[in-house]
Amino acid sequence: MKRKVLAALLAASMVVSLTACGGGGAAQPAGDAGSAGTEAPAKEEVAGGSEAAEGSEEAAAGDYQLDQITMVVDGTLNANLDNGQKEFNDQWDAYVSEKLGHSIHLDIQQQDHSGYFDAVGRIFASGSYPDVILMPASMFSQYVNTGIFWDMTEAYDNADFQSRMLYPTVNDSVKRIGDGRMYGISPAYGNGCVTYIKKAWLDNVGIDISTVKTFDDYYKMLKAFHEEDPDGNGVKGDTYGVISSGYLKTEEAPYIMYLPEFWQDAYPAIYPNAEGVWVDGFQEQATKDALERIHQAYVDGVIDPVSLTAGTKDAREKWFSADQAGSAGTLSYWAGTWFQTLTENLEKNEVESEVVMLEPIEEVGAYINREAYVWGIIDDGDGDSSREQAIFDAFFETMLDGERGQLLWTYGAEDVHWSTKAEKFTTNADDPEKKKDYEYADGEFHLKQALNDPNTIWKKNYLEPALTICGMKDEYADYVQVGGLAKEGNEFFTAHMKDAPATPSSETLTEAEGTIKDAKDKLIASVVVDGVDVETAMQNYVAAVGPIVEQVLTELNSAE
Amino acid sequence: MAKKKFSKSGIEIRQKPLGLRMWNCRGYYVMFLPVFIFVLIFYYWPMLGVRYSFYDYKPVGTPKFIGLDNFTKMFTGIGAGAFWTSFGNTLVLSVVKLIITTVASVVVSVFIFEMGNMIVKKTLQTIIYLPHFMSWAVVASIFSLFLSPSATGMVNNILFHGDTSKFIYFLADVKWWRPIFYMINLWKETGWGTIIFLATLSGINPEQYEAADIDGATRMQKIRYVTIPALMNTIITVLILNLAKVMNMFESVFVTYNAAVYDKADVISTYIYRQTFANALPNYGYSTAVGLFKSLVGCVLVLFCNWLSKKTRGRGII
């Protein structure tokens, strides 16, 4: 009997523990509709969403009272959980609630930056739709055809922020993706990469950056960085000219940004040419020429061979590493804030920290400004736009209000990320050589120490001050005039940029994207690393995915 | 009237009704219930997902039934080339790895078993077990640094005395990737594989060795005629059990491969990974179809192993 009682007790405890496990897991599904404050649209409803949206008029959003907005965002929101996200969130809630006259909460669901495609896919597949979501243009162009996004054309045209619009053309690419309608909004320029060079290395090999005008000049500089002793450690040949994250970043438009001098006028993706006809740039002569240049650089040893497999983090960390043996002299990376970050990291690693930006060489002409990230509002498919208009008003109108709302998105939370109060602080207090004192008077706008690294100064939250489509109002206008390397970097980029070609969107491309990407990656590796003849490699590419690419081009050109 | 049952010797078996038998064993059934529920929820319920291999299932929109289209795409369509390459690589890499690591484990086990000095023996055992406890991400990082083609790569610097123009990109070279992959696996898993063989060796009757000594057998002869025959059953069991798992290769490849070696390194799991996670709008139906095919092949291998086990050992493994 004892055994039976014991068995029953054990079984009961196992059942209870199992139930507890199940209960715990189900309590917080990602993007749970219950926590969203808005009803997640049924998939059937979503399918018909675009039709409803097409006929949308400016709705009477005032009638619709939102109590919560669920936002899905990637790592571009710098105020993450370790960096004052709670304070940013609280201040947003307070500010927007006051502005709207009722309580509203922003539910931030920040996803892993490198696994964003996967995370977003899972959120949608689970049926837990957010209210607003951020996507790279290439991702947005594929989702837009599914009809999940609300047509915000009228809302955008009639928005209050239009009166302070500085860069009206930024959202042209969003319109292009939506065939003339706006299913999303880009609040800032896409930004792009510029080529950074270590000034000390230039000096050590006796090259003046102003003389680097052509690809030949550029290549001579890279060879000097490899063959001479630019890091001054007494060893020749232990350094490289350039390092990059991949020879072609096939998963991230505009693809060629990490080696612009080698790719020059090539655009190895499907894009609309000067006549507006969609073509496969990967099969063009310009791409073949670029691949030969990269292969030659690989053979000559001027490009760090680990570039094939290096992620962006690997490439930049190697570039500014404390041990400069094995490092490279140039790195093409994002403009603006990164100019400051790269410099600070060199400084932190006690390496000669002066970095100079290379003006685009003749063959490049201009650096590429990528298509901007796009925010979309999820259409609930009920044929009534009042909820979506309310989201637009609460989210985008405040994000670009030129006042405190815009400031929150630009710099983050007051007295956490920035302040106007009198204060003194010191960075690198323990290191007499790097120690720096900061002192601000009352009323003087300034950025504070970064929460996750008190030895650096906070740079921005989400919006790049100089690249935002709308300016700031009144006294806030002075806040974006903060100087420093980030500003210098932004100004340099905007003075030397051109827009990236449009991103394609077709049913076949969505289906075959992974296969085409694989074929490109294989070709590039075979040409650059294995030295396979470009023509032969291109024949293999055409044999593998040529018919699919043709089908994509036919779809795109027939839709024009 | 219930049919009577008889034993082989013709004696009638008087069996109680099922309900009564269950009631009599109710304690065991109650104990079994949580496990049964657990298995249903976590093993069988997710299996219902295999139906999506017949659907066009994107993150957004209603899944659409498309019959065998995903399988057509996989076997003959746009995904066929990469799929068959990955399928072939899976089999080759798994089987070769299995043979190499098993042989190495046997050799190392015998070597350790033959060692006389207990301190050296235990130290060696501990050292060779350690790599097994490292994650594949760490192992890949270590070997990437050692084998780096960059100026800081240790192996290249030793081989070519710092002449970077001669450096080999081991992990991006189609000739080198597989040998390196096998070598890394050997380093990581050989030690762990010796445990089961050492357990078997410790169970060999010492009288057999004493008899061999009396017969004047040398050490090599004792290994050949006593140790190896005693290990054979275990070797076959280990081989058969591991053969059933050959389709499950992922981590070890994922952390060491790259686009330059897809033709030699891409396995089914990494192919599924790219098809699912590298696409902005993936078709989960296609990934499920590839996964289902992988499972079916795995199932066939298990049945084959079971048949092989019956043939070689007189009893099955399932």
Side-chain angles (χ1 to χ4, degrees), chain A residues 3-4 7-8 10-12 14-15 17-18 22 43-44 46-47 115 117-118 120-125 135-136 138-139 142-143 146-148 226 235 237-240 251 301 304-306 308-309 318 323 325-326 510-515 517-518 521-522 524-526 529-530 544-545 547-548, chain B residues 26-35 37-38 41 56-63 73 77-83 144 148-153 157 162-165 167 169 171-175 257-263 266 271 273-284 286:
Chain A
R3 271 197 307 178
K4 284 178 185 172
L10 276 170
M14 283 175 78
V15 170
S17 62
L18 192 66
K43 287 190 173 182
E44 289 78 6
V46 167
F117 281 7
D118 170 34
V120 169
R122 276 189 284 110
I123 288 170
F124 282 122
M135 289 185 178
S138 57
M139 185 182 188
Q142 297 200 30
Y143 272 85
T146 64
I148 59 164
H226 176 55
V235 181
D238 69 340
T239 47
Y240 294 97
E251 69 271 26
D304 189 334
V306 298
L308 174 73
T309 50
K318 196 167 181 191
D323 182 6
T510 300
E511 201 66 38
E513 190 190 12
T515 308
K517 182 184 162 305
D518 278 0
D521 285 338
K522 272 171 70 173
I524 291 163
S526 68
V529 180
D530 300 333
V545 294
I548 316 169
Chain B
R26 59 191 177 281
Y28 298 114
Y29 280 106
V30 171
M31 281 181 74
F32 171 65
L33 192 63
V35 178
I37 293 169
F38 185 90
I41 293 175
D56 179 8
Y57 182 12
K58 303 240 167 55
V60 177
T62 313
K73 178 184 169 185
I78 54 174
F83 168 74
S144 296
S148 173
S150 192
T152 47
N157 270 303
D163 183 355
T164 53
S165 64
F167 280 13
Y169 200 161
L171 290 173
D173 190 316
V174 285
K175 291 193 295 291
Y257 86 148
N258 55 70
V261 291
Y262 278 168
D263 286 341
D266 195 18
Y271 173 67
Y273 180 89
R274 288 201 314 281
Q275 286 293 322
T276 309
F277 301 129
N279 280 6
L281 198 59
N283 179 3
Y284 297 133
Y286 180 67

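In what follows, every chain begins at residue 1, and chains take the letters A, B, ... in the order their sequences are listed. Keep in mind it's a predicted model, so treat the numbers as computed, not measured.
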Inset, instruction - Tell me, out of A/Val120, A/Val235, A/Thr510, who's got the most heavy-atom pairs with chain B below 4.5 Å. - result: A/Thr510

Inset, instruction - Under 4.5 Å, counting heavy-atom pairs only, tell me which of A/Gly514, A/Gly326, A/Ala325, A/Pro305 racks up the most with chain B. - result: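 Top count of heavy-atom pairs under 4.5 Å with chain B: A/Pro305.
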
Inset, instruction - Check for a donor-acceptor pair, side chain of B/Asn258 on one end and backbone N or O of B/Leu171 on the other, with a separation under 3.5 Å. - result: yes

Inset, instruction - Check whether any side-chain N or O of B/Asn157 sits under 3.5 Å from a backbone N or O of B/Gly153 as a donor-acceptor pair, and report yes or no. - result: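 Side chain of B/Asn157 to backbone of B/Gly153: a pair is present.
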
Identify which part of [X] has an atom lying under 4.5 Å from any heavy atom of chain B, answering side chain, backbone, both or neither.
X: A/Val529; answer: side chain
X: A/Asp530; answer: side chain
X: A/Ser526; answer: neither
X: A/Asp304; answer: side chain
X: A/Ala512; answer: both

Inset, instruction - Check the angle between the aromatic planes of B/Tyr262 and B/Tyr257 and answer parallel, tilted or perpendicular using the 30° and 60° thresholds. - result: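 Answer is tilted, since the angle falls between 30° and 60°.
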
Inset, instruction - Answer yes or no: is there an ion pair linking A/Lys522 with A/Asp518, defined by an N-O contact shorter than 4.0 Å? - result: no

Legend entry - A/Pro136 to A/Phe117 - nearest heavy-atom pair and separation: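 Closest approach of A/Pro136 to A/Phe117, heavy atoms only: CG-CE1, 4.5 Å.
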
Interchain contact, [X] with chain A, by part (heavy-atom threshold 4.5 Å):
X: B/Phe277; value: both
X: B/Asn279; value: both
X: B/Tyr284; value: side chain

Inset, instruction - Find out whether A/Val306 and A/Tyr240 are in side-chain contact, i.e. whether some heavy atom of one side chain is under 4.5 Å from a heavy atom of the other. - result: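 Side-chain contact under 4.5 Å: no.
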
Legend entry - Residues A/Lys318 and B/Ser150: side-chain donor-acceptor under 3.5 angstrom: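 Note: A/Lys318 and B/Ser150 side chains meet the donor-acceptor criterion.
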
